[in-house]
Every structure is written in structure tokens, then in C-alpha cells.
Amino acid sequence: MTRTVDMTQELAAFLRTRRERLDPDDFGLPPRRQARRTPGLRREEVAELAGVSIDYVVRLEQGRGLRPSADVVEALARALRLGPDERAYLFDLAQHRPRSADTPATTAAPPLAGLVADLSPLPAMLLNHRYDILAWNAEMASLLLDFGTLPPSQRNSMWLCLVHPVTREFYVDRKRVVREGIAHLRAAWAAHPEDRALADLIAEFITRDDEFARLWAERDVKANGRGSKLMRHPDVGVIALDFEVLMPLQDTDQRLVIYRAADDDSRSALDRLCAR
């Protein structure tokens with residue numbers, strides 16, 4: 001299959017951006033005579049910390065076709081002080097992390113669809129790695145909207161947050177939600193370089209949404225398995241929610257997202273909403 005991600009060029013860009021974000025004062029490096037003209041560590045400092053040659057780091061950052069070994073990738077991850085999600089992303093770009101044998105899910109696995117329904121009264125839905133919404137229960141439809149009223153191409157939680165005229169206003173802290181969603185989407189993009197539908201979706205977002213384009217270029221990487229959201233619902237007001245994302249051992253391209261009220265007031269609001 002044709003890759004939608006130029007792994008060599010993305011590896012180069014990612015290494016550059018991570019290096020430029022580091023504060024030299026945090027590393028206890030010996031002072032150098034030449035003043036720093038750019039932010040972050042110098043390439044020679046990264047090379048020294050990773051135990052590789054300066055020329056090797058230069059060629060990596062210039063995207064000159066190198067494919068570093070797993071040991072070198074690990075050394076670079078340590079030198080750049082990457083977090084767990086950034087480290088996994090780097091291994092994906094260097095093509096050292098095993099690919100999932102599962103094909104991208106486009107329909108809900110029946111046992112998982114049944115589980116979504118059985119989780120009532122907790123709002124729940126099933127997503128794939130693209131954020132496509134594959135199944136949902138009545139409580140989730142009450143909380144957000146009835147996804148069945150949308151064409152399949154719009155049943156995507158990132159699309160709804162960025163584009164849909166109603167749901168894009170639901171999130172009180174929308175900037176944080178969008179930033180976290182983009183960081184997750186970037187991780188999925190590197191893990192599924194042959195996924196043309198995902199690449200097309202990202203290209204659409206970059207073209208139509210300036211905020212998405214700016215945040216995408218920052219190359220933040222993070223997969224959120226749990227967290228919180230503050231929603232402003234038009235019928236019951238502000239609801240504070242905690243969420244959990246679970247991945248089954250089978251059907252590993254599907255993710256079960258479950259919401260719970262974060263406090264008593266939100267629980268009462270959610271009960272009223274679901275009883276309507």
C-alpha cells in the first residue's frame with residue numbers, strides 16, 4: 001500500500017522541533033564560547049547526549065534517507081527527554097514499532113456495539129483510530145447529538161468539534177479539547193501511514209481550519225486514555241464529565257469511550273438530560 005506519511009521527512013521535522021523546545025540550562029552542559037542564536041539544544045549537544053556523531057544528527061534532521069536502529073532511536077528519545085507518547089511516535093516514524101494486524105475498523109464489532117448499549121445509563125460510544133463514531137447509546141445521543149441524523153462522513157468526533165455549528169460550541173475549554181484531539185490524531189497518523197482516509201481527513205482539517213493547521217504544525221503527540229471535559233449543554237447547562245478510553249484485546253482498532261459525571265451537580269444534570 002502507498003504510504004500517506006513521508007516518514008523520513010516527518011522524522012526530520014519531529015527531531016528538530018523536539019530539540020528546539022529543550023532548555024539548555026536543564027542539562028548541565030558545559031558553557032560554550034559561541035552565543036546561541038536559536039532556541040533549544042545545538043545538534044552537537046544532542047549528538048553528545050545520544051552517543052552518536054554530529055554528522056548523523058545533521059543527516060537525520062535534513063531527512064537524507066537514514067533509518068536509525070532501534071538502539072539509536074532509544075538513545076535519541078532519552079537525549080530529547082521525550083514523554084511516552086512522543087517516544088512511541090518516534091519509534092513509529094523510524095518504523096521500529098510493530099504494526100497492528102487489524103485493518104482500520106469502519107463498522108462496530110457486534111459484541112462491542114452490544115456493550116455500548118449495555119453501559120446505559122452511562123454515555124458511551126465506540127470510535128476507531130480516526131475518531132470515526134461507529135456506535136453510541138441513547139445517553140451519548142442525549143449528551144451530544146443523535147449521530148444517526150448525520151451522514152456517515154460527518155460521524156467523526158474531531159469533525160464535530162471543529163466544524164459542526166452546534167457541537168463545536170459544547171466545550172467550555174474548547175482550545176484544550178482541540179489541542180489534545182490533534183495530539184492524539186498525530187499519533188494515529190504515524191501508526192497508520194497507509195491509511196488514506198485518515199490522511200485525507202487531516203488534509204481537509206488543515207485546509208478549512210486555521211487553528212487545526214497551526215496546532216498540527218507544532219507536532220505535539222499524546223494519546224489520552226482518560227481525562228475530563230466541561231460541556232455547556234443548551235438544555236441543562238454546564239456538565240463536568242470524566243472520561244475513560246478502553247481498547248479491547250480483540251478488534252484493537254476500536255476504542256470504547258465512557259463518560260461519567262464528575263460531581264453531584266453534573267450527575268443531576270446528566271440524569272435530567274437522559275430522562276428527557
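Following chains of ILVMFWY side-chain contacts shorter than 4.5 Å, one can reach L273 starting from V166, so the two form part of one hydrophobic cluster. When the side chains of ILVMFWY residues are joined at heavy-atom separations under 4.5 Å, either directly or via intervening members, Y56 and M7 end up in a single hydrophobic cluster. Cluster annotation: L22 and F14 are assigned to the same hydrophobic cluster (Ile/Leu/Val/Met/Phe/Trp/Tyr, side-chain heavy-atom contacts under 4.5 Å, transitive). Note on M247 and I133: separate hydrophobic clusters, where clusters join Ile, Leu, Val, Met, Phe, Trp and Tyr whose side-chain heavy atoms are under 4.5 Å apart, directly or indirectly. Connection of L93 to L76 is established within a shared hydrophobic cluster, with ILVMFWY side chains joined at heavy-atom distances below 4.5 Å, either directly or through further cluster members.
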Check your understanding: Would Q154 and F147 satisfy side-chain contact (heavy atoms from CB on, under 4.5 Å), going step by step from the backbone distance to the final call?
Key -> CA-CA 9 Å; Q154 294 179 10; F147 305 119; over 6 Å; no
Practice item. For the pair L127 and L134, evaluate side-chain contact (heavy atoms from CB on, under 4.5 Å) and give the outcome as yes or no after the intermediate values. Key: CA-CA 6 Å; L127 309 177; L134 307 179; 6.0 Å; no
Point to revise | Derivation of the side-chain contact (heavy atoms from CB on, under 4.5 Å) call for L80 and R19 | key: CA-CA 6 Å; L80 296 170; R19 174 175 60 81; 4.1 Å; yes
Exercise for review: Could you walk me through whether C161 and V177 pass side-chain contact (heavy atoms from CB on, under 4.5 Å), step by step?
Suggested key: CA-CA 8 Å; C161 186; V177 172; 4.1 Å; yes
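Here the CG atom belonging to D209 is positioned 9.5 Å from the CE atom belonging to M158, to the nearest 0.5 angstrom. Taking CD of E86 as the reference point, atom CZ of R21 lies at 7.5 Å (rounded to 0.5 Å). Here the CG atom belonging to L270 is positioned 11.0 Å from the CZ atom belonging to R260, to the nearest 0.5 angstrom. Interatomic distance, T207 OG1 to I202 CD1, rounded to the nearest 0.5 Å: 11.5 Å. To the nearest 0.5 Å, atom CZ of residue F243 and atom CE of residue M125 are 9.5 Å apart. In this structure, CD1 on I54 lies 12.5 Å from CZ on R59, to the nearest 0.5 angstrom.
For the pair V72/V52, a side-chain contact is recorded, criterion being any heavy-atom separation below 4.5 Å from C-beta on. Counting heavy atoms from C-beta on, the side chains of R179 and D220 come closer than 4.5 Å. Using a 4.5 Å heavy-atom cutoff, the side chains of R168 and L160 are not in contact. Side-chain contact check for E139 versus L122: every heavy-atom pair is 4.5 Å or farther apart. Looking at heavy atoms from C-beta onward, D173 lies out of side-chain contact with L230 at the 4.5 angstrom threshold.
In terms of modelled atom types and a separation under 3.5 Å, the side chain of N156 and the main chain of R130 share a donor-acceptor contact. Looking only at distances, no side-chain donor or acceptor of R18 sits under 3.5 Å from a matching main-chain atom of L82. Distance alone, capped at 3.5 Å, is enough to place a donor-acceptor pair between the H233 side chain and the S142 backbone. Side chain of R16 to main chain of E61: a donor-acceptor pair is present (N/O by atom type, distance under 3.5 Å, no hydrogens or angles).
Each of R219, E10, K222 was checked for a side-chain hydrogen bond (donor to acceptor under 3.5 Å, both in side chains) with Y89, and the lone residue meeting it is E10. If you run side-chain contact (heavy atoms from CB on, under 4.5 Å) between N137 and each of L126, V116, L143, L115, only V116 comes through.
Remark: R64 CZ is packed, more than 12 non-hydrogen atoms of other residues, nucleotides or ligands lying under 6.0 Å away. Counting heavy atoms of neighbouring residues, nucleotides and ligands inside a 6.0 Å radius, atom CG of D210 does not exceed 12 of them.
Of all non-hydrogen atoms in E180 and Y131, the two that sit nearest each other are O-OH, 4.5 Å. For the pair L41 and P24, the tightest heavy-atom approach, listed with the atom from each and the gap, is CD2-CA, 3.7 Å. Smallest separation of non-hydrogen atoms from A109 and Q254: N-OE1, 3.2 Å. The minimum heavy-atom distance linking F170 with L144 is given by the pair CE2-O, 3.4 Å. Considering every non-hydrogen atom in both L145 and H164, the closest pair reads CD1-NE2, 3.8 Å. In terms of heavy-atom proximity, R67 sits nearest to Q95 at NH2-O, 2.8 Å.
Looking at D263 and S266, their side chains do bring a donor and an acceptor atom within 3.5 Å of each other. Residues D85 and H184 bring no donor and acceptor atom of their side chains to less than 3.5 Å of each other. Of the N and O atoms on the side chains of D253 and N128, not one donor lies less than 3.5 Å from an acceptor on the other residue.
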